[in-house]
Amino acid sequence: MIIVDILICLVLLAAGVGAMLQRNLVASSVLVGVVSLMVSILFLRIGAPDVAMTEAAIGAGLSTVIFLIAVRRTEEEEQ
Amino acid sequence: MAALDIIGALLVLLGSLFLFLGALGILRMPDLYNRMQTGTKATTLGNMLTLVGLGLLEPAWLPKICLIILFVLITNPLSSHALARAAHRAGYPLAAGSVTDALREDEQAGGIEPGSTACQVRDPGSDPQPEVAE
Amino acid sequence: MVDRVLILAMALAGAGMLLALIRLLRGPNIPSRAVALDVLTLITMPVMVGLAITSGRVIYLDVALVYGILSFLGVISLARYFDQGV
Amino acid sequence: MKQIFSLALLAITGWLLWSLVPYGQATEPGPVSSHYIAHGLQENGGSNLVTSIVVNYRGFDTLGEVTVLFLSVAGAGFVLRRRSGQRRVAPRPSSEFVQTGARMLFAPMVLFGVYIFVHGHLTPGGGFQGGAVIASAVLMLLLADRDHHLPHGFMGWLESLAGFGYVLTGFLGLAIGGSFLANKGVLPLGQWNRLFSAGVIPIIYTLVGLKVGTELSTLLDVMVDSGRDHGEADAHGQKGGAA
């Protein structure tokens, strides 16, 4: 089981670093969504399904879309 | 060990192999559309096989797992279709060795919305969004 | 035996996650990243259900169900993003 | 250089977290926590202790959270509202397949959101998660078909009614049970692990779910609808709907 934890943590760390270093805003927001997803799996792993469900629904689902819409609006303003 | 357990474990293993191969495919394939094919078909099959196998391991949970499979079965073609369509309309190019482009032929033959392909993206092939200055 | 197979399968799926993340980080254009996100979400659901099986709690399935329903929204909104739709 | 430094910092933090923090520390819970653990199920009748704490013992806090969410959505809607005189360019319509699929999936997704918040006292779900699922269903409809507009009057009415119901439940608890949002004496606690149990918790979660769902849907509608005319040729589709 520890190998699954290590893999998930690797994905989490790589996605977080990528979200920080990425220049493209859309890719960055998608990576933030991936971070939320991995955190949700980790919450499930340590036995907190309530928090995991909130993280999956709001962190990985809705906030990515809200970021995308916000990026779109700022692009429209810039044009 | 019951026969159901063995079948379930085999299905789980096969499905996770498909998931791995699908992920390997999106890393190795040359262009967007090839990636899309391996990344959606193979992983949908792997997802469903794994879920069915897990459901066979715990037969009491099978209805809920079937609900998950049903939603994946409905929603995944939807998102893949929207993605492929939008990418083609935005003018992302096919790989160099591609032979045919059926959707463009369709559109040029007066099918779906003529004149909406290609030359929309400033820099096809890479991210259309300009780099943000520091 | 079954537990070992489950752990092996989840390790395979986790390796697949890592590969998909590499595509998500490298991907030359946004649709490639969207495909990688799709693969990541499709891998996540079996991992969540596998965690539910290994820990033996049926209520973990609800999390996988919620994520399974919401996951395709991200991909659709990405598609609508570069189709000038959002 | 800065990136290398931050990477090194991240690696060190990750290593520290990995090596020093165990999964779940096995300490004795404090007096309040042990009272909740020992008496929570008998006092509330819900099978999910977390929900009992969130909605019952900390019900006032949840009311505050819902109010904060309402205020933030109201502020965002005020900032994002489309200024008069600016018309938006209609986006490209999505394909027929996506529109049909979205219309077909809308009702099951709303039903699933209702399932999540009605079963809040039994499963890890709750009002916020169910509201998020409902808002996602509305968002899917908006993404598929931009000419679709939410009935804002109805949504505002529903949202106000849900908030009013929450406060009313609290005052009913004050009148009958002796404290604000009291669980005792208002409704029978019912049988453990059944749908109709846990006193007022399902009612409160239903109200919270409706409130959060309508608020997030309205926020998403305002965000999607606030696009400006950015001067592109609109060869695809007509001008946007009824302004």
Side-chain angles (χ1 to χ4, degrees), chain A residues 1-15 17-19 21-22 24-31 33-38 40-73 75-76, chain C residues 3 6-22 24-27 29-30 32-34 36-37 40-41 43-45 47-52 54-55 57-78 80-82 84-86:
Chain A
M1 216 56 212
I2 194 79
I3 179 122
V4 181
D5 291 342
I6 289 176
L7 280 171
I8 288 173
C9 284
L10 267 181
V11 176
L12 172 67
L13 284 175
V17 174
L21 301 182
Q22 189 67 250
N24 188 303
L25 286 178
V26 178
S28 201
S29 49
V30 170
L31 282 167
V34 173
V35 169
S36 277
L37 186 56
M38 294 303 130
S40 163
I41 299 178
L42 282 185
F43 277 139
L44 208 57
R45 175 80 179 86
I46 61 180
D50 303 70
V51 196
M53 192 188 266
T54 313
E55 189 73 40
I58 294 175
L62 269 183
S63 63
T64 310
V65 179
I66 288 181
F67 279 145
L68 277 180
I69 300 175
V71 170
R72 185 89 208 155
R73 289 292 99 80
E75 276 177 8
E76 285 172 4
Chain C
D3 275 354
L6 269 185
I7 289 174
L8 179 64
M10 279 161 74
L12 260 179
M17 267 184 198
L18 210 54
L19 294 182
L21 188 85
I22 292 172
L24 184 54
L25 287 171
R26 269 179 47 188
N29 41 29
I30 296 175
S32 291
R33 297 176 206 267
L37 178 69
L40 264 173
T41 59
I43 296 179
T44 303
M45 272 175 259
V47 168
M48 279 176 173
V49 178
L51 280 178
T54 49
S55 59
R57 296 180 67 182
V58 68
I59 56 174
Y60 286 9
L61 282 187
D62 276 0
V63 183
L65 195 49
V66 164
Y67 194 66
I69 285 177
L70 295 189
S71 62
F72 83 113
L73 266 177
V75 182
I76 280 200
S77 61
L78 269 171
R80 298 294 288 154
Y81 168 80
F82 59 82
Q84 302 165 359
V86 176

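Reminder, nothing fancy here: chain letters follow the sequence lines and each chain counts from 1.
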Against chain A, label C:Leu18 side chain, backbone, both or neither, depending on which of its atoms sit under 4.5 Å from a heavy atom there.
both
Below 4.5 Å from any heavy atom of chain C, which atoms of A:Ile3 appear? Answer side chain, backbone, both or neither.
side chain
Could you measure the distance from the CE atom of C:Met10 to the CG atom of A:Asp5? Nearest 0.5 Å is fine.
8.5 Å
Considering only heavy atoms, which portion of C:Asp62 lies under 4.5 Å from any heavy atom of chain A: side chain, backbone, both, or neither?
both
Could you pull out the closest heavy-atom pair between A:Leu68 and C:Ser77, with the gap in Å?
CD1-OG, 3.4 Å
Per side chain to side chain contact (heavy atoms under 4.5 Å, CB included), A:Val30 is matched among C:Leu37, C:Leu40, C:Val75 by C:Leu37
Please examine the side chains of C:Val63 and A:Phe43, heavy atoms only from C-beta on, and report whether any two atoms are closer than 4.5 Å.
no
Please classify the contact between C:Ile7 and chain A as side chain, backbone, both or neither, with a heavy-atom cut-off of under 4.5 Å.
both
Is there a donor-acceptor contact under 3.5 Å from the side chain of A:Arg45 to the main chain of C:Leu51?
no
Starting at CG of A:Leu21, measure out to CG of C:Leu25 and round the result to the nearest 0.5 Å.
9.5 Å
Any non-hydrogen side-chain atom of A:Val65 less than 4.5 Å from a side-chain atom of C:Ile76?
no
Are any of the side-chain heavy atoms of A:Leu62 and C:Leu70 separated by less than 4.5 Å?
no
On a heavy-atom basis, which atom in C:Tyr67 and which in A:Ala60 lie closest, and how many Å separate them?
CE1-CB, 3.7 Å
Is any side-chain heavy atom of C:Met17 closer than 4.5 Å to one of A:Val34?
no
CG on C:Leu21 to CG on A:Leu7, rounded to 0.5 Å:
11.5 Å
